2 protein chains.
Amino acid sequence: MSYKIKSRIWIESDKHVLLGEGRVQLLKAIDKTGSLSKAAKALNISYKKAWNLLDSVNKSAKKPVTINSIGGKGGGGAELTDYGKSLILAFDEINKNCWEFLDKQLEKIENL
Amino acid sequence: MSYKIKSRIWIESDKHVLLGEGRVQLLKAIDKTGSLSKAAKALNISYKKAWNLLDSVNKSAKKPVTINSIGGKGGGGAELTDYGKSLILAFDEINKNCWEFLDKQLEKIENL
DNA sequence: TTTCGTTATATCCTAGCAAATATAACGAAT
DNA sequence: ATTCGTTATATTTGCTAGGATATAACGAAA
């Protein structure tokens, strides 16, 4: 039996959360499904929660992360911008690096 | 206006949280005041919450983190073990290192 | 102009968590 | 045996974040 170091990272912009674990998940689901409502269903969260998250993301980002369209063919939809795509790639990479970093720190606690 | 990467780290033992931001704060306050109830007051949290936290810490740690005494001179008290003291030192150091690490990663997001 | 499946938004409602409260157990000192 | 300030624990109360629900707005296509 041994200890584990876990972590949560997130990106803030002007005191507001821009990206976190859940928001990245949502953006990935939007990318996959092409719509916010389908993404919400896929993640098994309410549409309201998903909408609030996405709204918050776009409000705190420097540039738009998704393009949302209302009405029209298929009722509308949501898709990631190039900026949004590169944001989640960067987030994932940083997160992974952070885990590896923390794993190395574990020995400082293991043998106390 | 720029982004910031924030983080929370915690130590788990067998799926249970051992140490986190709040628990470390509590342990420090116990160390300072010599009692759980005084520590709770100092941190402005309810005694119940403090007790639950401390109980959880001691239940998931390999060795005792505090020694609690009931009754007797002064009604009792709580004090950190050597193990507990070195745990919070290690936690603080790892946490600080993590911040510095993440700061270096920031550029990957800044100029996307 | 009607249909369609979205996005967008407001309103209720509830479950679950936190705070508040109460009280028992304890043991050294007097 | 009584007092004292703790630790330890149960119970009730209150609040709020989130879920459920409803519906408006939208615009392309037929």
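Here the structure is a predicted model, which means the values were calculated and not measured. Chain naming here is simple, since letters A, B, ... match the order of the sequence lines and numbering starts at 1 in each. Computation of the quantities below employed the complete heavy-atom set of this structure, encompassing side-chain atoms and omitting hydrogens, waters and symmetry-equivalent molecules.
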Nearest-Å distance, [atom1] ([X]) to [atom2] ([N])?
X	N	atom1	atom2	result
A:Leu53	C:dT7	CG	P	14 Å
B:Asn58	D:dT7	CG	P	13 Å
B:Ile45	C:dA20	CD1	P	12 Å
A:Asn44	D:dG18	CG	C1'	14 Å
B:Asn52	C:dC17	CG	C1'	12 Å
A:Tyr47	D:dT23	OH	C1'	13 Å
A:Leu54	C:dT6	CG	P	15 Å
A:Leu43	D:dG18	CG	P	15 Å

Residue-phosphate contact under 4.0 Å: [X] side-chain N/O, [N] OP1/OP2:
X	N	result
A:Trp51	C:dA8	yes
A:Asn68	C:dT6	no
B:Ser69	C:dC26	no

Of the options D:dA25, D:dT7, D:dA10, whose atoms approach the side-chain atoms of A:Ile70 most closely?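 Output: D:dA25.
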
Taking the side chain of B:Lys73 as heavy atoms from C-beta outward, which of C:dA28, D:dG19, C:dA8 is closest to it?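 Nucleotide nearest to B:Lys73's side chain: C:dA28.
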
Distance-only polar pair, side chains of B:Lys28 and B:Gln25, donor-acceptor under 3.5 Å: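 Per modelled atom types, B:Lys28 and B:Gln25 side chains form no pair under 3.5 Å.
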
Any donor-acceptor pair under 3.5 Å linking the side-chain atoms of B:Thr33 with those of B:Ser35?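 Judged by distance alone, the side chains do not pair up.
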
Across the strands shown, which category fits B:Lys49 at heavy-atom distances under 4.0 angstrom: base, sugar-phosphate, nothing?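 Sugar-phosphate contact only.
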
So B:Lys48, base contact, sugar-phosphate only, or nothing? Heavy-atom distance under 4.0 Å.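 Base contact.
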
Indicate yes or no: does A:Lys59 engage A:Asp55 in a salt bridge with an N to O separation below 4.0 Å.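 Yes, charged N to carboxylate O under 4.0 Å.
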
Got a salt bridge between A:Glu110 and A:Lys4, using NZ or NE/NH1/NH2 to carboxylate O under 4.0 Å?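 Not counted as a salt bridge, because no side-chain N and carboxylate O are separated by less than 4.0 Å.
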
B:Val57 pairs by side-chain contact (heavy atoms from CB on, under 4.5 Å) with which of B:Val17, B:Leu87, B:Val65, B:Thr66?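 Among the candidates, only B:Val65 passes.
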
